Amino acid sequence: IFDESEIEATVEYVLSISGQDHDAALAEQGAVLFAEQCTACHGEAGEGIREVGAPRLSDAIWLYGGDREAITHSVIYARFGVMPAWGQRLDEAEIKAVTLYLHQLGGGE
């Protein structure tokens, strides 16, 4: 949907809403593109919509990396992450330990 310059602007906007260093002028352009093309899945403020499997973009938790290069890759190629079931692999105490670890990474999500 986006050409190269639009991808760059959208990435700068995502960097901005996640509190990272960004180009403010490009982020402003990217905000418009994000509103038009990305909010249906990622929400108006990048808060994510769990029901459609779209992650939050406005925090410091990144499944595939949150730097400029990784975000650009995600915009260009998309991601289709799937979490495997761990209920039969970990006992209850191990599941709680992993949950606490992930929670402390940020955002409580």
Side-chain angles (χ1 to χ4, degrees):
I1 297 176
F2 294 149
D3 65 29
E4 192 171 317
S5 66
E6 292 170 326
I7 290 169
E8 183 180 7
T10 303
V11 168
E12 292 301 316
Y13 176 71
V14 172
L15 289 168
S16 76
I17 64 174
S18 64
Q20 299 184 62
D21 289 335
H22 62 280
D23 179 311
L26 279 177
E28 189 175 322
Q29 295 171 24
V32 174
L33 297 164
F34 188 91
E36 292 171 353
Q37 301 296 331
C38 307
T39 58
C41 295
H42 290 286
E44 290 183 20
E47 68 276 9
I49 301 176
R50 290 180 184 199
E51 295 79 13
V52 298
R56 178 180 295 240
L57 303 175
S58 58
D59 60 16
I61 301 171
W62 295 93
L63 181 60
Y64 298 105
D67 62 11
R68 185 173 279 104
E69 183 179 335
I71 295 169
T72 300
H73 187 277
S74 293
V75 172
I76 293 171
Y77 300 107
R79 304 287 186 164
F80 300 99
V82 177
M83 175 76 176
W86 287 91
Q88 303 301 316
R89 298 178 188 186
L90 303 176
D91 64 31
E92 187 173 335
E94 291 170 323
I95 291 171
K96 286 181 182 179
V98 170
T99 301
L100 290 172
Y101 170 73
L102 291 174
H103 186 277
Q104 66 86 30
L105 290 176
E109 294 295 316

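Fair warning: this is a prediction, and the values are worked out from it, not measured in the lab.
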Original post:
Which pair of heavy atoms, one from S74 and one from R79, lies closest together, and at what distance?
Top reply: OG-NE, 2.9 Å

Subject >> Nearest-0.5 Å distance, CD1 of residue I17 to CG of residue L57 >> reply: 5.5 Å

Original post:
Can you get from L100 to I61 by hopping between Ile, Leu, Val, Met, Phe, Trp and Tyr side chains that sit under 4.5 Å apart?
Top reply: no

Subject >> Short side-chain to backbone donor-acceptor contact, E94 and D91, under 3.5 Å >> reply: yes

**OP:** Spell out, yes or no, whether Y64 and V52 are grouped together once hydrophobic residues are joined by side-chain heavy atoms under 4.5 Å, including indirect joins.
**Re:** no

Original post:
Applying side-chain hydrogen bond (donor to acceptor under 3.5 Å, both in side chains), which residue pairs with at least one partner in residues 2-26 are found, sequence neighbours left out?
Top reply: D3-S5, E12-R68, S18-Q20

Subject >> Minimum side-chain heavy-atom gap P55-R50 below 4.5 Å >> reply: no

Subject >> Option from D67, I76, V75 for which side chain to side chain contact (heavy atoms under 4.5 Å, CB included) with V11 holds >> reply: V75

**OP:** Calculate, to the nearest 0.5 Å, the distance between atoms CZ and NE2 belonging to R56 and H42 respectively.
**Re:** 12.5 Å

Original post:
Do F2 and Q37 touch side chain to side chain, with heavy atoms closer than 4.5 Å?
Top reply: yes

Original post:
Minimum heavy-atom separation for S58 to A45, with atom names?
Top reply: CB-O, 3.6 Å

**OP:** Find the distance between OG1 (T72) and CG (L15) and round it off to the nearest 0.5 Å.
**Re:** 7.5 Å

**OP:** List the atom of F34, the atom of E44, and the distance in Å for their closest heavy-atom pair.
**Re:** CE2-O, 4.2 Å

**OP:** Count the heavy atoms belonging to other residues, nucleotides or ligands that lie under 6.0 Å from CD of E36, then report whether that count exceeds 12.
**Re:** yes

